[in-house]
Amino acid sequence: MTRKTRKPVHLAVYDTFADWETGHTTAHLARAGYEVRAVAPAAEPVTSIGGLRVLPDLALGDLRPEDSALLILPGADLWDTGDALAPFARAARAFLDAGVPVAAICGATAGLAREGLLDGRAHTSAAAPYLAATGYAGAARYTEADAVTDGLLVTAGPTEPVAFAREVFRLLGAYDEGVVDAWYRLFHDSDAQAYAELEKALDG
């Protein structure tokens with residue numbers, strides 16, 4: 001696939017972020033030609049749930065929607081233990097208001113629920129009761145699915161990092177649909193035939 005010049009993708013990183021939830025997404029966006037930049041609450045390093053220490057590229061206060069192709073919000077213990085990550089939910093609002101996509105998985109969906117961003121959009125998460133506990137007004141829009149895209153917003157639960165990536169690829173148009181389909185069947189279903197289809201599609 002021919003690489004194109006694209007705006008960078010911004011991956012939010014903060015202490016206790018779930019490092020396994022966005023790896024498929026960022027790895028294959030990078031292969032599609034996107035620069036992936038880490039954005040943290042401040043310029044200091046953060047540490048993931050898995051003990052991965054990350055030095056961010058920029059602080060959240062320096063992030064502007066117009067400079068980005070996408071904001072990715074992974075889950076984290078901190079989403080459920082206070083308001084420390086609320087600024088990232090407010091950043092998601094700014095992105096969506098500016099017409100720039102946002103993708104949230106696991107606990108980050110609860111942060112968006114508290115911010116009111118799921119009240120009028122179809123969405124999913126770990127489970128409906130998990131989001132209901134936030135007191136949000138969007139329960140009627142909850143969808144039982146591996147991942148959901150509504151307009152510029154992608155949501156998924158913690159067990160669906162591959163489906164999450166699939167929806168991001170489709171939303172950004174990072175790969176042709178045939179590539180996305182074969183990629184999903186390979187990484188989600190362990191479909192051996194999909195490997196050959198994926199190689200052929202990428203070479204074409």
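Small disclaimer: the values here were computed from a predicted structure and weren't measured.
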Residue pair E21 / G75: nearest heavy atoms and the distance that separates them: OE1-N, 2.8 Å
Verify same cluster id: V54, I49 (apolar side-chain graph, 4.5 Å): no
Any S68 side-chain heavy atom under 4.5 Å of H10 side chain: yes
Trace of the side-chain contact (heavy atoms from CB on, under 4.5 Å) decision for L172 with Y34: CA-CA 11 Å; L172 294 183; Y34 290 90; 3.6 Å; yes
Contact check, side chains of V39 and P56, non-hydrogen atoms, under 4.5 Å: no
Student check: side-chain heavy atoms of R170 and V154 closer than 4.5 Å: no
Validation row: V168, L29 side chains within 4.5 angstrom (heavy atoms): yes
Side-chain touch L96/R93, heavy atoms, less than 4.5 angstrom: no
D191 backbone acceptor or donor facing D189 side chain under 3.5 Å: no
Point-to-point distance, once rounded to the nearest 0.5 Å, from CZ of F169 to OG1 of T25: 5.5 Å
Trace of the side-chain contact (heavy atoms from CB on, under 4.5 Å) decision for D77 with F17: CA-CA 7 Å; D77 290 344; F17 80 92; over 6 Å; no
Verdict with supporting geometry, R166 and D146, salt bridge (Lys or Arg N to Asp or Glu O under 4.0 Å): CA-CA 10 Å; R166 177 198 65 204; D146 54 8; 3.0 Å; yes
Short N-O contact, E197 and R185, less than 4.0 angstrom: yes
From E160 atom CD to S125 atom OG, the distance as rounded to the nearest 0.5 Å: 12.0 Å
Reported CG-to-CG distance for the pair L186 and D181, which is rounded to 0.5 angstrom: 11.0 Å
Nearest atoms (heavy-atom pairs only) where F164 meets A147: N-CB, 4.1 Å
Heavy-atom pair of closest approach, residues A104 and L112: CB-CD1, 3.6 Å
Any side-chain heavy-atom pair of D19 and V13 under 4.5 Å: no
Between W183 and Y195: side-chain donor-acceptor atoms closer than 3.5 Å: no
More than 12 heavy atoms from other groups under 6.0 Å of CG on D83: no
Shortest non-hydrogen contact from A89 toward G111: CB-O, 3.6 Å
Salt bridge (Lys or Arg N to Asp or Glu O under 4.0 Å) assessment of R37 paired with D67: CA-CA 11 Å; R37 306 194 73 202; D67 297 330; over 6 Å; no
Expected output: side-chain Y14 to main-chain W79 donor-acceptor under 3.5 Å: no
In one Ile/Leu/Val/Met/Phe/Trp/Tyr side-chain cluster, 4.5 Å: L63, L73: yes
By ring-ring contact (aromatic ring centres under 6.0 Å, His included) - contacts of Y184 (at least two apart): H188
Separation between OG1 of T109 and CG of L117, rounded to the nearest 0.5 Å: 11.5 Å
Joint hydrophobic cluster, I105 plus L11, side-chain heavy atoms closer than 4.5 Å: yes
Main-chain N/O of A32 paired to R6 side chain as donor or acceptor, under 3.5 Å: yes
Expected output: side-chain S48 to main-chain G50 donor-acceptor under 3.5 Å: yes
L85 CG to R90 CZ distance, which is reported to the nearest 0.5 Å: 10.5 Å
Cluster overlap L118 with V148, hydrophobic side-chain contacts below 4.5 Å: no
Ring pair (Phe, Tyr, Trp, His ring centres under 6.0 Å) pairs, two or more places apart, involving residues 89-124: H123-Y136, H123-Y142
From T26, L70, L71, residue fulfilling side-chain contact (heavy atoms from CB on, under 4.5 Å) relative to V9: L70
Path from I72 to L55 over hydrophobic side-chain contacts below 4.5 Å: no
Note, L171 side chain near P101 side chain (heavy atom, < 4.5 Å): yes
Nearest heavy atoms of T124 and G157, plus distance in Å: CG2-N, 4.5 Å
Residues D15 and R53 bridged, charged N to O under 4.0 Å: no
Contact check, side chains of F187 and H24, non-hydrogen atoms, under 4.5 Å: yes
Whether T22 side chain and P74 backbone form a donor-acceptor pair below 3.5 Å: no
Shortest non-hydrogen separation from L60 to A91 and the atoms involved: CD1-CB, 3.9 Å
Test log, rule salt bridge (Lys or Arg N to Asp or Glu O under 4.0 Å), inputs D150 and R141: CA-CA 10 Å; D150 187 332; R141 304 300 302 275; 3.5 Å; yes
